[in-house]
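Read through the structure below, which is laid out as structure tokens, and then see the notes.
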There are 2 protein chains.
Amino acid sequence: MRKRDINKEIIIREKAIEMIVHQGFDGLSMHKLAKASGVSVATIYIYFKDREDLIQSLYTEETKKMAEATLVNFDPESHFDIGLKVQWRNRLKYCLENPYSMTFMEQVKHSPLIDRSVMDRRFLDAMSKFVHTAIERKELIPLPVEIYWSIAFAPLYQLVKFHISKTSMPGREPFVFNDERTDQALSLVLKALKP
Amino acid sequence: MRKRDINKEIIIREKAIEMIVHQGFDGLSMHKLAKASGVSVATIYIYFKDREDLIQSLYTEETKKMAEATLVNFDPESHFDIGLKVQWRNRLKYCLENPYSMTFMEQVKHSPLIDRSVMDRRFLDAMSKFVHTAIERKELIPLPVEIYWSIAFAPLYQLVKFHISKTSMPGREPFVFNDERTDQALSLVLKALKP
DNA sequence: TATAACTAAACGAACGTTCATTTATATTTG
DNA sequence: CAAATATAAATGAACGTTCGTTTAGTTATA
């Protein structure tokens with residue numbers, strides 16, 4: 001029995017994400033993907049049931065990678081200020097080191113027909129515990145979780161998008177991340193969320 | 001000489017946006033769009049140069065509509081608290097009354113190959129003046145515009161997405177907007193941005 | 001030698017776009 | 001006023017291409 005060449009799957013995944021990032025879902029065709037990956041079209045169907053399964057699988061895997069990166073050095077029991085800072089640092093690091101992954105996921109999140117409900121249990125539990133502990137300790141004001149999330153993280157992702165797109169606001173030079181700006185934004189968020 | 005039936009263009013635009021919202025850019029084909037609009041394929045090419053021009057035109061028009069809606073009753077000279085509240089109210093109103101338009105624009109914004117630099121001059125000028133006046137009057141702390149934007153509006157749009165998608169955070173009942181929640185979120189944003 | 005990995009070629013369907021023709025109507029003509 | 005004319009709107013059929021997927025056959029290795 002012949003062994004699978006796992007490099008094949010890896011390169012297919014990479015090229016697929018590249019194609020989607022550069023040309024959108026429109027631009028991802030199985031023929032073009034096969035050619036770009038140096039592989040026969042039929043080979044793709046060994047690793048993925050069909051085109052939809054391919055995209056879904058990409059999303060699931062990238063989501064998992066990001067969730068893992070987000071939890072590095074994160075202690076749900078830590079003080080709210082510290083925990084949120086670690087979260088910001090981890091998410092920022094992942095996004096800047098994996099801009100294709102980030103851009104791909106953003107595209108999926110804003111397009112229909114893909115199941116976005118896949119979420120790592122460990123990740124959700126850690127997040128939930130962190131927030132509830134912080135509220136109990138009065139380090140965070142009590143809030144509906146969506147409002148908390150929208151203020152704690154939406155600004156960060158917006159800034160990442162500014163940074164990655166390099167377009168910034170029209171007519172200005174691009175926004176680039178640095179420690180000072182990150183700290184400034186984070187401190188404003190903390191100001192909003194703390195009692 | 002025969003007159004154009006402007007209803008045709010309107011219905012083509014509507015159906016195109018519907019198709020993109022429900023089936024993504026993948027799902028928008030000229031044949032299907034023609035059928036859905038009750039029109040011949042060739043007719044679409046009277047109103048739009050090609051598929052790309054169609055999508056670009058949709059985006060330009062929807063952007064313009066939203067910019068106009070955003071400026072209703074907005075006075076760039078007003079106090080920062082008031083101005084931001086009007087902005088929130090206007091954007092929220094537009095998004096909730098035109099969820100297709102909003103969802104379509106979010107999809108375009110997160111997909112490549114479309115020129116997103118089209119922006120209404122009047123809109124940009126009003127925004128710019130509003131921010132600078134507020135900083136001068138010390139009603140708003142001095143900030144890079146991207147950081148200001150990310151904190152002032154990213155949370156609002158994230159909440160709109162929660163509301164529209166009805167998926168909310170996994171495993172919970174959907175987030176629904178009401179005046180109390182809007183005011184709560186806005187007051188946190190103001191807390192972050194005010195000196 | 002058995003078996004799964006892998007491939008090239010082929011399938012019908014659907015794609016974006018064009019073209020030759022018909023239809024409707026504003027304008028000109030009688 | 002009605003008939004003729006001009007012209008752009010509108011069409012259905014057709015174009016060649018590319019699409020997602022399958023199939024029949026080959027290759028590598030446990």
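Sequence lines set the chain letters: A, B, ... in the order given, protein chains first and strands last, and positions in each chain run from 1. Everything numeric in this text was worked out from a predicted model, so none of it was measured.
- dA10(D) atom P lies 10 Å from atom CD of Glu9(B), rounded to whole Å.
- Here dG16(C) presents its P atom at 15 Å from CZ of Phe48(B), a figure rounded to the nearest Å.
- Regarding Ile6(B), its CD1 atom lies at a distance of 15 Å from the C1' atom of dA9(D), rounded to whole Å.
- Scanning for side-chain hydrogen bond (donor to acceptor under 3.5 Å, both in side chains) contacts around Asn90(B) gives an empty result, with sequence neighbours left out.
- No side-chain donor from either of Ser29(A) and Arg51(A) sits under 3.5 Å from a side-chain acceptor of the other.
- Close to dC15(C), at under 4.0 Å from its OP1 or OP2, lies a side-chain N or O of Ser29(B).
- Rounded to an integer number of Å, the gap from Ile46(B) CD1 to dT18(C) P is 13 Å.
- Going from atom CG of Asn7(B) over to atom P of dA24(C) covers 17 Å, rounded to whole Å.
- Ring-plane geometry between Phe25(B) and Phe104(B) is classed as tilted, the angle between the planes lying from 30 to 60 degrees on a 0 to 90 degree scale.
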Glu68(A) and Lys64(A): CA distance, side-chain angles, deciding distance, salt bridge (Lys or Arg N to Asp or Glu O under 4.0 Å) verdict: CA-CA 6 Å; Glu68(A) 270 162 25; Lys64(A) 205 165 108 188; 5.3 Å; no
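- Residue Thr43(A) has a polar side-chain atom (N or O) positioned under 4.0 Å from OP1 or OP2 of dT7(C).
- The aromatic rings of Phe175(B) and Phe177(B) sit perpendicular to each other, their planes meeting at more than 60°, with 30° as the lower class boundary.
- With rounding to the nearest 0.5 angstrom, the OG atom of Ser111(B) is 11.5 Å from the NE2 atom of His110(A).
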Per-nucleotide protein contact string for nucleotides 21-30 of chain D (B base, S sugar-phosphate only, - none; heavy atom under 4.0 Å): BBB---BBBB
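- Spacing between atom CG of Leu33(A) and atom C1' of dC19(D) amounts to 13 Å, rounded to whole angstrom units.
- Counting any heavy atom pair closer than 4.0 Å across all strands shown, Leu54(B) reaches no nucleic acid atom.
- The side chain of Tyr47(A) contributes an N or O atom lying less than 4.0 Å from OP1 or OP2 of dC6(C).
- The main-chain N or O of Val176(A) is found under 3.5 Å from a side-chain atom of Arg181(A) such that the two form a donor-acceptor pair.
- Lys32(B) has no side-chain polar atom (N or O) that falls below the 4.0 Å cut-off from OP1 or OP2 of dA14(C).
- Atoms CZ (Arg4(A)) and C1' (dT3(C)) sit 13 Å apart, rounded to a whole Å.
- Atom P of nucleotide dA13(D) and atom NZ of Lys35(B) are separated by 11 Å, given to the nearest angstrom.
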